[in-house]
**Student:** 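A single structure is presented below for examination.
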Amino acid sequence: MTEIGTTQWVMERCDDLTRHSSRPDALERVYLSPEHSAGNTAVQAWMLDAGLDTETDAAGNIWGRRAADGTPQRPATPGEPALVLGSHLDTVPDAGRYDGMLGVVLAIAVAHRLRDTPLPFALEVVGFSAEEGTRFGKALLGSCAASGQWDPAWWETADADGVTLREAFTRFGLVPERVGDAARRPQDLVGYLEAHIEQGPVLEAQDLPLGYVTSIAGALRFVLTITGEARHAGGTPFARRRDALVAAAHLVTRIEELAKATDSLATVGDIRVQPGAVNVIPGRAELTLDLRGRTDAGRDALWEQIVAAGRDIAEERGVTFEFTETHRAPSTACADRMKAAVATGIAEATGTTSDEVLGLWSPAGHDGMAMDAVTDVGMLFLRCRDGISHHPDEHVEPEDVGVALDAYTAAVLALARAHPMPPVETVGEKAR
């Protein structure tokens with residue numbers, strides 16, 4: 001059996017997690033599903049092997065913890081705050097095997113490497129349960145619960161089968177009324193540190209295996225609804241048509257044009273048409289819209305332009321335009337001390353200096369956006385081939401994973417040295 005904590009072990013565990021899928025032909029693992037439970041069970045076993053004590057919290061997140069002296073520990077000792085390492089275990093439909101999962105497995109490997117190293121804080125590893133928002137349309141559910149930001153309005157949100165979030169909690173064995181028990185207190189945390197594939201082409205273009213994140217883009221998500229009139233495709237001349245789909249098509253192209261003129265990103269990811277028959281003019285079209293920006297102000301300015309365009313198109317084509325906001329997350333700046341620790345870790349692992357390490361912003365959202373409400377956040381980015389993510393072609397090189405493992409371990413030790421307690425050793429043979 002492959003030794004725990006090695007690069008090969010990390011790669012094999014990412015492969016193992018693909019087995020827990022609701023689809024035989026693709027990877028899909030959504031919140032509060034049997035596959036979510038099976039994935040948690042597998043990760044729990046790896047956490048135990050790494051010397052961590054484990055629990056599943058009131059929102060379905062899986063946690064492992066060791067005390068500052070290295071002993072497994074649950075519950076936490078009062079007055080001993082923890083540095084949290086982790087990422088998410090849920091996926092988008094037809095997913096790749098590294099988005100989120102690699103960050104969880106790397107965190108477990110780091111914990112194992114440091115199992116005999118005393119630290120000035122406890123160390124925890126988390127596998128968040130609902131970062132993607134695939135099932136209920138709301139992203140960051142697991143980390144929102146952990147950061148004390150659960151909104152009771154979410155309970156009646158339903159999945160495609162009409163199952164509400166409240167019902168799904170109960171079926172999973174969780175108690176909705178106790179979701180607040182998952183919340184962590186700022187005084188119990190040292191910081192949150194996440195390793196993640198870049199999901200973009202910057203590192204590859206610069207021939208770099210790793211970089212540190214400066215900030216995470218603020219995101220908005222909407223459902224845009226265009227309502228026209230469903231009529232017979234053969235009996236209705238063009239002058240009498242109020243075609244919702246044609247109006248939607250005009251809006252999609254206009255959204256792209258507007259976004260290209262800014263430094264923000266806009267994506268229409270799904271269009272659903274009613275009644276959806278070959279010989280019926282579409283009477284209703286629903287579009288999902290994802291907006292991301294380097295700054296909240298720039299993102300919001302683009303949104304105002306999109307609203308104006310939607311109203312203009314609706315008036316021109318004799319339809320109505322409405323929208324519902326489904327997700328809002330402010331941009332998140334990574335803390336200076338966390339950025340410095342990650343840069344130090346990368347420099348040690350790559351034989352460079354901290355000043356030579358690349359810092360880049362993340363257009364993709366991450367659990368750190370929620371955790372920033374209760375603690376400082378830092379992120380390490382790992383090169384992925386052609387920047388591809390949210391797709392089965394996600395790929396990382398084992399050599400890059402090995403460097404990331406060294407850098408992640410070194411970043412934890414850098415934070416330990418900066419913590420107001422006696423220093424610990426730098427990365428050496430024991431950590432490697």
Side-chain angles (χ1 to χ4, degrees), residues 17 19-44 54-63 86-95 99-101 104 126-184 219 221-223 225 269-270 272 274 276 284 286-288 290 322-329 365 367 369-371 373 390:
L17 282 169
R19 301 172 185 172
H20 306 298
S21 173
S22 61
R23 296 172 53 182
D25 61 333
L27 174 58
E28 183 172 330
R29 185 171 51 252
V30 300
Y31 190 34
L32 303 177
S33 64
E35 296 75 33
H36 170 187
S37 179
N40 275 11
T41 298
V43 170
Q44 180 184 35
T54 65
E55 71 170 358
T56 300
D57 71 16
N61 302 309
I62 181 72
W63 293 82
S87 190
H88 64 95
L89 292 168
D90 64 311
T91 77
V92 297
D94 198 18
D99 175 11
M101 290 167 278
V104 177
V126 62
F128 284 121
S129 54
E131 190 257 13
E132 298 289 5
T134 300
R135 182 176 182 184
F136 294 101
K138 175 68 182 76
L140 307 177
L141 284 172
S143 49
C144 278
S147 57
Q149 300 181 87
W150 190 270
D151 186 344
W154 299 337
W155 286 124
E156 300 312 312
T157 303
D159 66 11
D161 296 321
V163 178
T164 67
L165 182 55
R166 182 183 295 277
E167 292 169 338
F169 253 63
T170 302
R171 294 180 186 180
F172 196 77
L174 300 173
V175 180
E177 292 74 21
R178 295 193 60 185
V179 68
D181 294 349
R184 305 300 301 273
R221 291 180 182 172
F222 298 90
V223 173
T225 303
D270 186 35
R272 301 188 180 190
Q274 295 176 0
R284 180 184 175 93
E286 286 189 350
L287 304 76
T288 62
D290 180 293
E322 300 172 302
F323 57 85
T324 301
E325 182 179 305
T326 59
H327 174 72
R328 176 178 291 266
D367 287 301
M369 302 172 75
M371 292 302 290
H390 286 187

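Scope of the values below: all heavy atoms of this structure, side chains included, with no hydrogens, waters or symmetry mates. Values in this document were obtained by computation on a predicted structure and should not be read as measured data.
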**Student:** If every non-hydrogen atom of D367 is compared with every non-hydrogen atom of S87, which pair is closest and at what distance?
**Tutor:**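 Of all heavy-atom pairs spanning D367 and S87, the closest is OD2-C, 4.0 Å.
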**Student:** T164 and W155: side-chain contact (heavy atoms from CB on, under 4.5 Å), yes or no, with the steps?
**Tutor:** CA-CA 7 Å; T164 67; W155 286 124; over 6 Å; no
**Student:** Determine all donor-acceptor pairs shorter than 3.5 Å in which one atom belongs to a side chain in residues 171-179; sequence neighbours excluded.
**Tutor:**
residue, atom, partner, partner atom, Å
E177, OE2, R166, NH1, 3.4
R178, NE, D181, OD2, 2.8
R178, NH2, D181, OD2, 3.1

**Student:** Quick one: does D159's side chain have a donor or acceptor within less than 3.5 Å of a partner on R135's backbone?
**Tutor:**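 Such a contact is absent between D159 side chain and R135 backbone.
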**Student:** Please report the C-alpha distance between L141 and W150 in whole Å, then the side-chain angles of each, then the deciding distance to 0.1 Å, and finally whether the side-chain contact (heavy atoms from CB on, under 4.5 Å) criterion is met.
**Tutor:** CA-CA 8 Å; L141 284 172; W150 190 270; 4.0 Å; yes
**Student:** With a 6.0 Å cut-off on the ring centroids, do Y31 and W154 count as close?
**Tutor:**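 No, they do not, as the ring centres are separated by 6.0 Å or more.
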**Student:** OG1 of T288 to CG of D270: how many Å apart, nearest 0.5 Å?
**Tutor:**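 Going from the OG1 atom of T288 to the CG atom of D270 covers 5.0 Å.
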**Student:** Just by modelled atom types, is the M371 backbone N or O under 3.5 Å from a matching donor or acceptor in the S143 side chain?
**Tutor:**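 Checking the backbone N and O of M371 against the side chain of S143, no donor-acceptor pair under 3.5 Å is found.
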**Student:** To the nearest 0.5 angstrom, please state how far the CG atom of L89 sits from the CD1 atom of I62.
**Tutor:**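 L89 CG to I62 CD1: 9.0 Å, rounded to 0.5 Å.
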**Student:** Sequence neighbours left out, what passes side chain to side chain donor-acceptor pair (under 3.5 Å) with T91? Give chain and number order.
**Tutor:**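 Listed in chain order: nothing, the list is empty.
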**Student:** What is the minimum heavy-atom distance between A139 and H327, and which atoms define it?
**Tutor:**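 For A139 versus H327, the nearest heavy atoms are CB-CE1, 4.0 Å.
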**Student:** Whether the side chain of N61 engages the backbone of G142 through a donor-acceptor N/O pair (distance < 3.5 Å, no angle test) should be reported.
**Tutor:**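 Present.
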**Student:** Of all the heavy-atom pairs spanning M101 and L27, show the shortest one and how long it is.
**Tutor:**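 Nearest pair, atom of M101 first, then L27: CE-CD2, 3.8 Å.
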**Student:** Could you grab the distance from atom CE of M369 to atom CD of E131, nearest 0.5 Å is fine?
**Tutor:**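 Result: 9.5 Å between the selected atoms.
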**Student:** Nearest 0.5 Å, what's the OG-CZ distance between S147 and R184?
**Tutor:**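 One finds 11.0 Å between OG of S147 and CZ of R184.
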**Student:** Does T324 reach the side chain of T225, with side-chain heavy atoms less than 4.5 Å apart?
**Tutor:**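 A side-chain contact under 4.5 Å is absent here.
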**Student:** Measure across G60 and S129 and return the closest heavy-atom pair with its distance rounded to 0.1 Å.
**Tutor:**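 Scanning both residues, the minimum pair turns out to be O-CB, 3.6 Å.
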**Student:** For R29 and H20, indicate whether the former's side chain and the latter's backbone hold a donor-acceptor pair under 3.5 Å.
**Tutor:**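 Side chain of R29 to backbone of H20, a donor-acceptor pair under 3.5 Å: yes, one is there.
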**Student:** Considering all heavy atoms of both residues, which atom of W63 and which atom of A146 are nearest to each other, and what is their separation?
**Tutor:**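 Smallest heavy-atom distance, with atoms named: CZ2-CB, 4.1 Å.
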**Student:** After noting the C-alpha distance and the side-chain angles of N40 and Q44, does the key distance pass the side-chain contact (heavy atoms from CB on, under 4.5 Å) rule?
**Tutor:** CA-CA 6 Å; N40 275 11; Q44 180 184 35; over 6 Å; no
**Student:** D90 side chain to E132 main-chain N or O, any donor-acceptor pair under 3.5 Å?
**Tutor:**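 Such a contact is found between D90 side chain and E132 backbone.
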**Student:** Not counting sequence neighbours, which residues clear salt bridge (charged side-chain N to carboxylate O under 4.0 Å, His left out) with E322? List them please.
**Tutor:**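 With neighbours one apart ignored, the set is empty.
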**Student:** Which heavy-atom pair separates A370 from C144 by the least distance, and what is that distance?
**Tutor:**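 Nearest heavy atoms, A370 then C144: CB-N, 3.9 Å.
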**Student:** Return the CG to CZ distance between D57 and F128, rounded to the nearest 0.5 Å.
**Tutor:**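 Here the rounded value is 8.5 Å.
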**Student:** Output, in order, the C-alpha distance, side-chain angles, deciding distance and verdict of side-chain contact (heavy atoms from CB on, under 4.5 Å) for V43 and T54.
**Tutor:** CA-CA 10 Å; V43 170; T54 65; over 6 Å; no
**Student:** When rounded to the nearest 0.5 angstrom, what is the spacing between CZ in R221 and NZ in K138?
**Tutor:**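 It is 8.5 Å, given to the nearest 0.5 Å.
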**Student:** Name the residue from T326, T157, V30 that meets the side-chain contact (heavy atoms from CB on, under 4.5 Å) definition with F136.
**Tutor:**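 Between F136 and the candidates, side-chain contact (heavy atoms from CB on, under 4.5 Å) is satisfied uniquely by T157.
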